[in-house]
Every structure is written in structure tokens, then in C-alpha cells.
Protein chains: 2
Amino acid sequence: MGLSSRSAVAIHALTLLARWGGKSLTSAEIADSLESNPVLVRRILGSLRDAGLVWATEGRGGGWTLAREPRQITLHDAFAAVEPGPILSRHPHPPSAECEVGRNIQALLEVEFQDAERAMQERLGRTTIADLRQRVFDIERELGLKR
Amino acid sequence: MGLSSRSAVAIHALTLLARWGGKSLTSAEIADSLESNPVLVRRILGSLRDAGLVWATEGRGGGWTLAREPRQITLHDAFAAVEPGPILSRHPHPPSAECEVGRNIQALLEVEFQDAERAMQERLGRTTIADLRQRVFDIERELGLKR
DNA sequence: CGAACTGTAATGAGGTTAGTTACAGTTCGA
DNA sequence: TCGAACTGTAACTAACCTCATTACAGTTCG
């Protein structure tokens, strides 16, 4: 089935915050764009806050803002903040040490899986929130011209 | 938490089959190496059979053998056979079309996520079952010399 | 004080995973 | 031709995760 959709939600929220510049948005406003729930948003944005990607201010008039420039936040930053642990699962329990393959395969697979995960993360690290914001701008501008 | 451990099990089983050359192994023998259950093995090897990676022969004396040369089977082949669907989950439901970001983010993310998944799959495609078998041989030989 | 926020616990429905039991179907050898 | 040794599957379980929701305590500001 794959991983959770938290990365998609996180990237969406970060792009939304970037879209509105320094303006702070409430979890309810972000939830509106996601057609989701403010509590869900606060949980995911909470992870982003713990990772140093956003700020939250409490109380009346509070909300969320980016803690860094959009071009200093990559998709991998968002991914790593909300998706803990490895992507590819290892053996559910250690294989048999009696078997030539069993006693060696875990260490060999670990290297392969880490390399594969790293390749994905590197690719995610090449796109920034500023890139996504720019593309949203471009698409919207083009639509505006056609109208 | 990540994906299922089926890829690890599948790669383990394929390496085991490669280790024993053309000899056919029963699901019980493979399960012994995995310290797991024959039914689980048959389910996962069944996917590998559907993907054309292994053969199964039924009845007494039956079992499993590789359907291709070990160097013609990559870790990605095993992965793709047992792990259906995308790795990175998309939005749980479509975002708001009222929002500039909401109505564009899905298409933008789709490209990024597909690229990222492809990067991982490409890396998995660079290692073959023959590579793993060779490394098992090498490790075992080195241990043998030290003794 | 009270409205408008964040932070977080608790809960529930639905789905997936890993594992198991059970059993039907197939093959081969004695 | 019977029975042992296999594969192929269905059905079931406990544990866990995800997404969503309700509820409420804490914070801030007018």
C-alpha cells in the first residue's frame, strides 16, 4: 500500500505557507485547502515544527509560518520530518543462522536497501518548496492569460 | 513504518534458490531458512511465479526453481513482483479546487513522487540475485579461510 | 472575561501485515 | 491404486497503522 500520506499533506501545507509569503495561517485555513481536519493539520505541522521547518504561535491571532526561506526547504526535509523509520522493511525476524544465505542476507540487504532509500531521498532533496510555489504561479498565470 | 517485508523475504528466497543452483526447494525448506511459515513462503513465491521469476512444480517431489539466470533477476524485479502500488502515498482525497495551491499541488507532487520512486527502483535494478549469491560465497569463503 | 488560537489525549472505523489452520488438488512411487 | 509429499488458497487471528473526529486544557490578545 505504501507509506502514509503525511508527506503529501506536509508538502501541500508548506507550499501553501510559501504562497502566502510571511503571512501566518491557522490550522483551520490550511485544513480548508486540504479539505481535511484542523487537528490532523496541527499534528503534521507539529512534526514540521519539531524539525525546524515552521513556527507556530499560540493564542488568539496565532498560526503557522515558515521558519526558513522556501528555497531552503526541500521535499526531503518535509518527508523526513513526518515519515520516520526505513522505507523498505527488513526481515520480520532474523533468518536461520544454520543457513549460508540466512546468516548473511540481512547485512547484504541492509546495504542495498539503504542505498535505494538514499537514492529516493536524494531525488526528493532536489526540489524545494520555492520550486513548487513557482510552478503553481506559472500554471495560474498561464490559465489567467488564456481566459 | 514503511512497506511490507515481502521484498526482503522474496529476495532472500531468490538468493537461496540461486545458491542451490538448479535444485528445486520446497516451501518448507525455504521457510526453514527464513524461520517462517511454508504458507507465507508459498504466497510470496506465488507472486514471484506470476511475475515469471520462478517456477513451481506441484505434487510429490515438487518445489520451486528459478525461471531465469540469477544475473537476469534484479532486486527491483523482486520488489515489483511483491509490492504493488506506489511507495509514497498521495493526498488521501483531492484538495480544495477553490485554492490556488490545492488545485495544482496534486499534479505537481505526482511528478516529484514518481521521479523519486523511479530513483529508488533504478538503484534496486542495479543489483542482481547473482551479485548477492556471489557476496554470500565470498563471505563464507573468507570465514572458511580464517578458521 | 471571552474569543480565537495551538497542543494533545482518546476514540473509532477500516485496512494491512505476519502468521496460522484447514483443506482441496496434483504428482509420484511403492 | 493407495498414500505420502507437495502446491494452491481460503479463512481467520492479533497487532498495528492511518485517517478522522470529539473533547478539552493551555495560551494570547482585545
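Since the structure is predicted, the reported quantities are computational estimates derived from the model, not experimental observations. Order of the sequence lines fixes the chain letters, A, B, ..., with proteins taken first and strands second; residue numbering starts at 1 for each chain.
- Counting non-hydrogen atoms under 4.0 angstrom, A/H91 reaches nothing in the nucleic acid.
- Between A/L40 atom CG and C/dT8 atom P there is a gap of 15 Å when expressed in whole angstrom units.
- Nearest to the side chain of A/R49, among C/dA18, D/dA20, C/dT8, sits C/dT8.
- Annotation: of the two residues near DNA chain C, B/E58 and B/S4, the 5′-most nearest-nucleotide partner is B/S4.
- B/G63 comes within 4.0 angstrom of the backbone, heavy atoms only, and of no base.
- Across all strands shown, D/dT21 is found opposite C/dA10 as a Watson-Crick or G-U wobble partner, with both distances under 3.5 Å.
- Between B/L132 and A/L108 the shortest heavy-atom distance is O-CD1, 4.0 Å.
- Judged by distance alone, with hydrogens and angles left aside, B/R43 brings a side-chain donor or acceptor within reach of the base of C/dT20, the pair sitting under 3.5 Å.
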Residue pair A/D131, A/R71: steps toward the salt bridge (charged side-chain N to carboxylate O under 4.0 Å, His left out) verdict
CA-CA 7 Å; A/D131 294 332; A/R71 44 173 302 189; over 6 Å; no
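- Whole-Å rounding puts the A/E29 CD to C/dT6 P distance at 9 Å.
- In plain terms, the two heavy atoms of A/C99 and B/L16 that are nearest each other are SG-CD1, 3.6 Å.
- Computed from coordinates, the A/R42 CZ to D/dA20 C1' distance equals 13 Å when rounded to whole Å.
- Side chain of A/S36, nearest nucleotide from D/dG8, D/dA20, C/dT6: D/dA20.
- What separates CG of B/L45 from P of D/dT7 is a distance of 9 Å, to the nearest Å.
- Comparing atom distances between the A/P92 side chain and each of D/dA20, C/dG19, C/dT6 picks out C/dG19 as nearest.
- Among the nucleotides C/dG19, D/dC19, D/dT22, the one closest to any side-chain atom of A/N37 is D/dT22.
- In this structure, A/I44 atom CD1 and D/dC19 atom P are separated by 7 Å, rounded to whole Å.
- A sub-4.0 Å separation between OP1 or OP2 of C/dG19 and a side-chain N or O of A/H93 is present.
- Taking atom CG of residue A/L48 and atom C1' of nucleotide C/dT6, one finds them 15 Å apart after rounding to whole Å.
- Residue B/T26 places none of its side-chain N or O atoms closer than 4.0 Å to OP1 or OP2 of D/dC6.
- For B/R60 and C/dG29, a side-chain-to-base donor-acceptor distance below 3.5 Å is absent, hydrogens and geometry of angles not being considered.
- Checking each of B/E112, B/R118, B/M120 against A/R123 for a side chain to side chain contact (heavy atoms under 4.5 Å, CB included) leaves exactly one that passes, namely B/E112.
- Each of B/V39 and B/G61 has a nearest nucleotide on DNA chain D; the 5'-most of these lies closest to B/G61.
- D/dT28 is paired with C/dA3 under the Watson-Crick or G-U wobble criterion, all donor-acceptor distances under 3.5 Å.
- A sub-4.0 Å separation between OP1 or OP2 of D/dC19 and a side-chain N or O of A/S5 is present.
- Rounded to whole Å, atom P of D/dC6 lies 11 Å from atom NZ of B/K23.
- A/S33 is listed as a side-chain neighbour of A/H12, based on a closest heavy-atom distance under 4.5 Å.
- To the nearest angstrom, P of C/dC5 lies 12 Å from CD1 of A/I30.
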Test B/R103 against B/E98 for salt bridge (charged side-chain N to carboxylate O under 4.0 Å, His left out), laying out the working first.
CA-CA 7 Å; B/R103 63 174 164 257; B/E98 312 295 312; over 6 Å; no
